[in-house]
There are 2 protein chains.
Amino acid sequence: MKDVVSRCPIEETMRVLSGRWPTLLLYYLQDGTKRFSELRRDNPTVSHRILALELRKLEEAGIVRRTAHPGYPLRVDYDLTGPGRKLVPLIDALGAWWEHTEDDRINRPPTSEANLDTAA
Amino acid sequence: MKDVVSRCPIEETMRVLSGRWPTLLLYYLQDGTKRFSELRRDNPTVSHRILALELRKLEEAGIVRRTAHPGYPLRVDYDLTGPGRKLVPLIDALGAWWEHTEDDRINRPPTSEANLDTAA
DNA sequence: GCTTGGTTACAGAATAGTGCGTAATTTACA
DNA sequence: TGTAAATTACGCACTATTCTGTAACCAAGC
């Protein structure tokens with residue numbers, strides 16, 4: 001995904017949420033504040049670099065808030081902003097859609113021609 | 001995005017919807033059946049190869065139905081399946097979220113949570 | 001010298017775009 | 001009347017672009 005300036009809110013949203021990590025991070029941040037290292041432990045397959053990049057992207061989108069505490073060793077907290085928390089149920093709805101439509105998606109039923117709702 | 005087998009419905013959904021085109025195609029297919037060439041005209045910046053790949057991905061996910069009419073010149077129709085149509089309002093909700101939270105995301109207010117320290 | 005959060009440099013993987021080929025029928029035109 | 005050209009929805013091979021991972025390095029206090 002390139003940085004394409006679009007005025008379409010759906011495109012903008014997808015630009016931020018696309019990829020494996022954004023929704024996963026949303027998920028782990030639901031419970032509350034997490035540190036960088038905690039998020040790494042939460043899902044061990046994301047690389048150090050990519051986690052930092054993804055978190056920055058979410059921060060710039062206003063979904064995640066970054067709080068750096070002064071002093072060493074470094075300590076940085078991440079949590080969801082208000083908009084970020086509002087986003088969570090929408091993501092959950094997508095997951096629910098996937099689950100509840102599984103049979104229909106796999107069996108690929110005749111799908112009512114024009115507008116005749118034949119089922120479901 | 002690699003092909004990662006996951007049982008998480010959110011990950012599965014994002015695997016299908018990630019990228020610039022899936023949601024756009026959903027958008028253009030809302031109105032009804034479209035031919036390949038129409039979808040290309042709808043958004044001229046997608047290459048024919050990618051459009052074909054994206055449509056196939058959506059078809060395999062059970063979101064889009066492909067109907068090839070025999071004969072030449074070739075004629076292929078695409079439309080949304082039942083699950084595909086159910087997905088549309090969820091995508092719209094994401095767009096609405098983006099729009100309605102714009103101020104909050106950009107101004108980054110103190111985020112009414114417990115941690116009331118160093119707010120930017 | 002360990003810690004934590006982050007950045008940079010480089011390499012390798014994945015993804016996207018370009019142009020050519022194809023099929024069978026219709027149309028174009030000399 | 002014969003033939004060349006256009007049409008549609010791709011597949012394929014090749015190239016260009018972008019993304020991701022790995023490893024090294026930094027900061028400063030303990």
Side-chain angles (χ1 to χ4, degrees), chain A residues 1-6 11 14-25 28-29 32-61 63-80, chain B residues 1-6 11 14-25 28-29 32-61 64-79 115 117-118 120:
Chain A
M1 283 301 271
K2 254 190 302 201
D3 260 54
V4 178
V5 179
S6 89
E11 277 187 80
M14 290 313 294
R15 195 171 49 74
V16 174
L17 296 185
S18 279
R20 274 223 283 165
W21 309 121
T23 51
L24 265 186
L25 295 179
Y28 286 119
L29 286 172
T33 300
K34 290 265 178 114
R35 299 183 55 180
F36 186 85
S37 50
E38 288 180 284
L39 289 170
R40 286 218 66 188
R41 248 164 295 156
D42 281 336
N43 66 357
T45 61
V46 68
S47 71
H48 188 78
R49 194 175 81 95
I50 294 301
L51 179 56
L53 289 175
E54 294 289 333
L55 284 170
R56 178 168 300 281
K57 189 176 70 173
L58 291 174
E59 189 198 355
E60 277 165 11
I63 293 170
V64 158
R65 177 178 57 165
R66 195 187 102 108
T67 311
H69 302 278
Y72 286 81
L74 292 174
R75 184 193 170 83
V76 179
D77 286 338
Y78 291 93
D79 64 348
L80 296 182
Chain B
M1 286 293 284
K2 258 190 300 204
D3 259 53
V4 178
V5 180
S6 88
E11 276 187 80
M14 291 312 295
R15 195 172 48 74
V16 173
L17 296 186
S18 280
R20 272 224 282 166
W21 310 121
T23 51
L24 266 185
L25 295 178
Y28 286 120
L29 287 171
T33 300
K34 289 268 178 110
R35 298 183 54 180
F36 187 85
S37 50
E38 290 181 285
L39 290 170
R40 284 217 68 189
R41 250 163 303 170
D42 282 338
N43 66 355
T45 59
V46 69
S47 70
H48 72 265
R49 193 175 80 93
I50 294 303
L51 179 57
L53 289 175
E54 294 289 335
L55 284 170
R56 180 165 300 281
K57 189 176 71 174
L58 291 174
E59 189 199 354
E60 278 166 11
V64 158
R65 177 178 58 165
R66 195 187 103 108
T67 312
H69 303 279
Y72 289 79
L74 292 174
R75 184 189 171 82
V76 180
D77 287 338
Y78 291 94
D79 65 346
N115 303 339
D117 43 29
T118 51

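Proteins get letters first, then strands, A, B, ... in listed order; numbering begins at 1 in each.
- When the P atom of C:dA14 is taken as reference, atom CZ of B:Arg20 falls 22 Å away, rounded to whole Å.
- Comparing A:Leu74 and B:Glu38 by the nucleotide of DNA chain D whose heavy atom lies nearest to each, the residue mapping closer to the 5' end is B:Glu38.
- Under the salt bridge (charged side-chain N to carboxylate O under 4.0 Å, His left out) rule, B:Lys57 has a single partner from B:Glu59, B:Glu60, B:Glu54, which is B:Glu54.
- Taking the side chain of B:His48 as heavy atoms from C-beta on, and the options C:dA23, C:dT18, C:dT3, the nearest nucleotide is C:dT18.
- In this structure, A:Asp77 places its CG atom 12 Å from C1' of C:dT4, rounding to the nearest Å.
- You'll find the side chain of B:Asp42 stays beyond 4.5 Å of the side chain of B:Leu25, heavy atoms only.
- Taking atom CZ on A:Arg15 and atom C1' on D:dC19, their separation rounds to 16 Å, with Å as the unit.
- In this structure, A:Ser47 does not reach the D:dT22 phosphate: none of its side-chain N or O atoms is under 4.0 Å from OP1 or OP2.
- Side-chain atoms of A:Arg40 come within 3.5 Å of backbone N or O of A:Val46 as a donor-acceptor pair.
- Atom NE2 in B:His69 sits roughly 10 Å away from atom P in D:dA9 (whole-Å rounding).
- A salt bridge does not link A:Arg41 with A:Glu38: every distance from a Lys NZ or Arg NE/NH1/NH2 to an Asp or Glu carboxylate oxygen is 4.0 Å or more.
- When rounded to the nearest whole Å, the span between CZ of B:Arg75 and C1' of C:dA24 equals 16 Å.
- Nearest to the side chain of A:Tyr72, among D:dA9, D:dG29, D:dT7, sits D:dG29.
- The shortest distance between side-chain heavy atoms of A:Trp21 and A:Leu58 does not fall below 4.5 Å.
- Taking atom CD of A:Glu59 as the reference point, atom P of C:dG5 lies 15 Å away to the nearest angstrom.
- A heavy-atom distance below 4.0 Å to DNA chain C is reached by these residues of residues 49-56 of chain A, ordered by number: A:Arg49, A:Arg56.
- Residue B:Arg66 is in sugar-phosphate contact alone, with no base atom involved, counting any heavy-atom pair closer than 4.0 Å across all strands shown.
- Each of C:dG5, C:dT3, D:dG21 was ranked by its minimum atom distance to the side chain of A:Val76; first place goes to C:dG5.
- For A:Phe36 and C:dT3, the CZ to P distance is 16 Å, given to the nearest whole Å.
- A perpendicular orientation is assigned to the rings of A:His48 and A:Phe36, their planes being inclined by more than 60° (bins at 30° and 60°).
- Considering only heavy atoms from C-beta on, B:Arg66 stays 4.5 Å or farther from B:Leu55 through its side chain.
- OP1 or OP2 of D:dC10 lies within a sub-4.0 Å distance of a side-chain N or O belonging to B:Tyr78.
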